[in-house]
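Only one structure is covered here, and it is reproduced in the block below.
Chain naming here is simple, since letters A, B, ... match the order of the sequence lines and numbering starts at 1 in each. Side-chain atoms are counted along with the backbone in the values below, which use heavy atoms only and exclude waters and symmetry mates.
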Amino acid sequence: MIHEPDASRPRPSDDGAPAPVSIAARAMAALRPDGASYLSGLNPEQRRAVEATEGPVLVLAGAGTGKTRVLTTRIAHLIATGKARPYDILSVTFTNKAAREMKHRIGQLIGPAGEGMPWLGTFHAIGTKILRRHAELVGLKSDFTILGTDDQLRLMKQVIADQNIDEKRWPARSLAHTIDGWKNRGLGPEQVPPGEAQAFAFGKGGQLYAAYQARLATLNAVDFGDLLLLCLKLWRDNPDILANYQDRFRYILVDEYQDTNVAQYLWLRLLAQARKNVACVGDDDQSIYGWRGAEVDNILRFEHDFPGATVVRLERNYRSTGHILAAASGLIARNEGRLGKTLRTEDAAGEPVTVTGAWDSEEEARQIAESIESLQRKGHPLSEIAVLVRISAQMREIEDRFVQVGLPYRVIGGPRFYERAEIRDALAYLRVTMNGADDLAFERIFNTPKRGLGDATLQTLHAYARADRIPLLAAARKLIETDELKPRARSMLRGLVESFSRWTRLVEAKPHPEVAQTILEESGYTEMWQKDRSADAAGRLENLKEFVRSMEEFPDMAGFLEHVSLVMEASEAEGADRVSLMTLHAAKGLEFDTVFLPGWEDGLFPNQRAIDESGRAGLEEERRLAHVGLTRARKRAKLSFAVNRRIHGLWSSTIPSRFIDELPPHAVDVIEAPAHFSAGASRFDRNPAPFGSSYGTPGWQRAQANTAGGFGSGRGGGRSGGPREIEGELVAKSTATPSAFSGGQRVFHTKFGPGTVAGVDGNKLTVDFDKAGRKMVLDSFLQPG
DNA sequence: CTATGCAACTTTTTT
DNA sequence: AGTTGCATAG
């Protein structure tokens with residue numbers, strides 16, 4: 001989990017450049033600054049980006065143009081030429097994964113010399129490091145705790161309750177969001193514009209923010225946002241310290257610059273101000289995190305902020321075929337407000353991007369599964385196939401289908417390991433053991449597993465703690481000596497308090513994984529899950545095992561806890577050949593031979609909510625998301641849409657995504673799936689407007705001309721012979737056999753329920769459903785009712 | 001204090 | 001639809 005990414009995982013390799021040379025050659029290169037071999041594999045633009053070491057540099061690196069390679073080579077170059085030693089370079093990324101990948105690749109380039117780069121890491125990891133050194137100056141102790149989202153929320157609830165605000169009208173979640181927003185913009189409680197501070201609960205927003213920060217300080221804790229915000233405060237209040245860091249970081253490199261928020265931007269600008277040796281690498285066309293505070297403006301404004309900046313465009317793509325690139329470029333060209341890049345490749349055009357329609361999302365899932373099986377039969381490894389969805393809700397149906405036909409798959413993303421309840425609980429036990437003053441952790445496991453301690457006991461505890469200004473655990477210790485509690489609660493609480501004392505002593509005596517194991521067993525926590533009959537209990541126990549095992553990689557318990565909140569990740573089963581299933585957001589930075597992109601329907605993708613909330617900016621971000629999706633594919637990109645989809649449990653008709661119409665026709669093949677809406681009366685005839693524009697595209701006309709195509713519906717891939725036969729059979733069936741139903745007849749549809757047949761056209765019926773309204777359905781989905 | 005049932009809520013996700 | 005949080009009854 002905390003070690004290297006496993007080899008089976010799709011490699012986030014961002015470049016298609018030549019393979020690394022031998023170790024010896026690399027070592028030699030590190031010794032010879034001139035004509036260094038690490039430079040020889042670069043194309044001219046890449047080389048320019050690497051060699052422009054002095055002054056501000058902006059590298060606009062399109063998808064698949066060797067972004068990471070430029071970054072790592074640049075670091076190697078700085079070190080090899082003697083311009084900087086590893087610890088002179090500040091190199092920031094957004095994710096731990098990216099940081100790890102960079103470390104790994106620098107190691108490959110220059111050997112162990114690069115391994116000791118102390119200032120390579122995420123914004124938050126580096127922020128933490130800096131804050132621990134100067135904690136007192138921002139009102140903390142250097143062993144401050146970093147709160148995760150759920151602790152943050154619990155604290156927020158307390159703050160809201162303290163102010164006598166109805167938490168139902170003003171949910172903690174929403175306050176957390178508001179405060180996060182301020183922090184993302186680099187605003188401390190005093191800096192929030194007065195107008196905005198009125199935002200929450202009758203103008204109490206600013207007040208609540210201040211109260212929340214005060215609570216954090218009392219707990220000697222920070223949240224993620226503080227890791228950056230407090231650095232800013234530190235530097236602003238202590239110019240000498242800022243000057244020290246400005247001097248220390250001779251060269252600054254930033255990955256994924258398009259994802260920086262205002263706080264990160266200010267953070268960087270403060271550091272870069274003196275030397276101005278700052279190189280930012282990013283792609284405005286891949287900015288997809290605007291909704292969580294990322295400012296595309298940061299990248300668009302770079303030349304303005306750093307006058308005289310060198311701008312290098314990397315446009316030579318080493319990943320995708322011509323057609324895929326053409327589709328992606330054509331699409332993204334519709335966006336305004338971009339710096340403008342045109343990806344090009346020297347590779348062949350390859351297969352056109354395909355667009356397939358399906359009757360409903362279930363059929364879409366079936367088509368994808370069949371298509372994958374067909375690729376599999378041709379020897380295509382499953383690990384090189386990905387299905388990228390817009391929202392995670394789309395995954396369920398696809399998973400269902402995969403399970404049915406026995407396609408091995410894995411979901412990437414989802415709840416992070418350290419966010420899982422059982423891990424948070426286990427961590428809470430350890431936190432209290434190590435630090436009896438960690439009230440949030442104590443409160444979390446106070447009655448987990450159930451030990452008959454409820455709200456009443458907790459309130460009494462809180463009262464005690466507040467009166468004496470002591471932590472909850474200490475308050476509990478006093479409380480059990482009084483007779484304020486009922487005997488039952490008192491003895492349970494005594495048991496818990498004594499356990500913690502025992503466990504704390506154990507830490508000195510035994511290796512930390514063993515201590516953790518003991519705590520989980522003696523507390524009854526393991527037992528709680530063993531008794532649990534629910535489906536995921538086994539998985540949770542498994543996670544707990546993994547949790548204990550992972551501790552071995554740290555020198556001691558304290559070291560483990562220190563890093564865990566920032567760095568912990570889910571462990572993946574290794575080695576297996578599986579299809580990857582994930583959201584488009586999770587796919588950034590990955591690449592696959594074949595990429596399926598289902599759900600290209602207006603409302604879903606582009607997502608209606610994104611448009612409602614952010615208007616044209618929202619639409620453009622959706623378009624960038626589409627661009628990211630397409631550019632994940634090396635050889636094949638397969639788009640699809642469904643004409644009917646269940647949204648929030650209700651079936652609704654959908655229309656193909658406007659993005660489909662925006663694709664350049666010459667790069668796209670439209671594959672008309674089964675005969676549902678190809679011939680005769682279809683719902684499009686009655687309602688042609690939404691889809692109308694597509695009729696004009698050559699691809700669509702081609703599709704109409706040959707009702708041929710892809711992947712039949714029906715069978716779970718049992719039939720051999722490939723798509724064509726299945727499809728032929730289907731077409732024959734659908735045109736030849738007259739329908740067994742007639743007008744007025746009562747029927748039952750598996751999805752729409754009971755209804756009355758209103759019209760018949762071959763095997764296609766118009767049915768007035770009792771609940772779902774008038775729909776056009778295939779008779780094969782109907783039973784006489 | 002716990003178990004049960006009902007209501008509300010559903011974009012995307014890192015640290 | 002499906003979960004998840006909350007209120008009520010036990």
Report yes if at least one side-chain N or O of A/T583 is closer than 4.0 Å to OP1 or OP2 of B/dT13; otherwise report no. yes
Correct closest heavy-atom pair for A/S142 and A/R132 would be O-NH1, 2.9 Å
Pairing residues for A/W600 by the ring-ring contact (aromatic ring centres under 6.0 Å, His included) criterion, not counting sequence neighbours: A/F605
What do the steps show when you test A/K588 against A/E256 for salt bridge (charged side-chain N to carboxylate O under 4.0 Å, His left out), and what is the final call? CA-CA 11 Å; A/K588 194 163 86 156; A/E256 306 278 17; 3.6 Å; yes
Can you tell me the distance, in whole Å, between the CG atom of A/D180 and the P atom of B/dT15? 14 Å
Could you go through nucleotides 1-9 of chain B and list every protein N or O atom that sits under 3.5 Å from one of its N or O atoms, giving the distance for each pair?
from: B/dC1; atom 1: OP1; to: A/G454; atom 2: N; distance (Å): 2.2

Rounded to whole Å, the OH-C1' distance (A/Y289 to B/dT14) equals 7 Å
Would A/R490 and A/D483 count as a salt bridge (charged side-chain N to carboxylate O under 4.0 Å, His left out) here? Give the steps. CA-CA 8 Å; A/R490 192 169 140 190; A/D483 43 12; 5.4 Å; no
Set of side-chain contact (heavy atoms from CB on, under 4.5 Å) partners for A/E662, sequence neighbours left out: A/L331, A/R334, A/R623, A/R658, A/F659
Taking CG from A/L227 and P from B/dT14, how many angstroms apart are they, rounded to a whole number? 17 Å
Measure the distance from CD on A/Q152 to C1' on B/dT13 and round it to the nearest whole Å. 14 Å
Which nucleotide in the list B/dT12, B/dT15, B/dT14 gets nearest to the side chain of A/N96? B/dT15
Intermediate values then yes/no, ring-ring contact (aromatic ring centres under 6.0 Å, His included), A/H134 and A/Y245: CA-CA 12 Å; A/H134 312 284; A/Y245 282 103; 5.6 Å; yes
How close or far is atom P of B/dT13 from atom CG of A/D150, stated in whole angstroms? 18 Å
Is the aromatic ring of A/W291 within stacking range of B/dT12, meaning centres under 5.5 angstrom and planes under 30 degrees? yes
Name all residues meeting the side chain to side chain donor-acceptor pair (under 3.5 Å) criterion together with A/R424; count only those two or more places apart in sequence or in a different chain, and write none if there are none. A/D150, A/D151
Compare side-chain N and O positions of A/S392 against OP1 and OP2 of B/dT12 and report whether any pair is under 4.0 Å apart. yes
Which nucleotide sits closest to the side chain of A/R292: B/dT15, B/dT12, B/dT14? B/dT14
Decide yes or no on salt bridge (charged side-chain N to carboxylate O under 4.0 Å, His left out) for A/E101 and A/K97, but give the supporting numbers first. CA-CA 6 Å; A/E101 174 77 7; A/K97 197 169 128 197; over 6 Å; no
Result block: side-chain N/O donor-acceptor pairs under 3.5 angstrom for residues 452-461 of chain A, not counting sequence neighbours:
from: A/T460; atom 1: OG1; to: A/A456; atom 2: O; distance (Å): 2.8

Expressed as a whole number of angstroms, how long is the span from A/H124:NE2 to B/dT13:P? 17 Å
A/L228 CG to B/dT14 P, straight-line distance once rounded to whole Å: 17 Å
Would you mind reading off the distance between A/L619 atom CG and B/dT12 atom P, rounded to a whole angstrom? 19 Å
Are there any protein N/O atoms within less than 3.5 Å of an N/O atom in nucleotides 1-10 of chain C, and if so, which ones and at what distance?
from: C/dG2; atom 1: O3'; to: A/R396; atom 2: NH2; distance (Å): 3.3
from: C/dA7; atom 1: OP1; to: A/K168; atom 2: NZ; distance (Å): 2.9

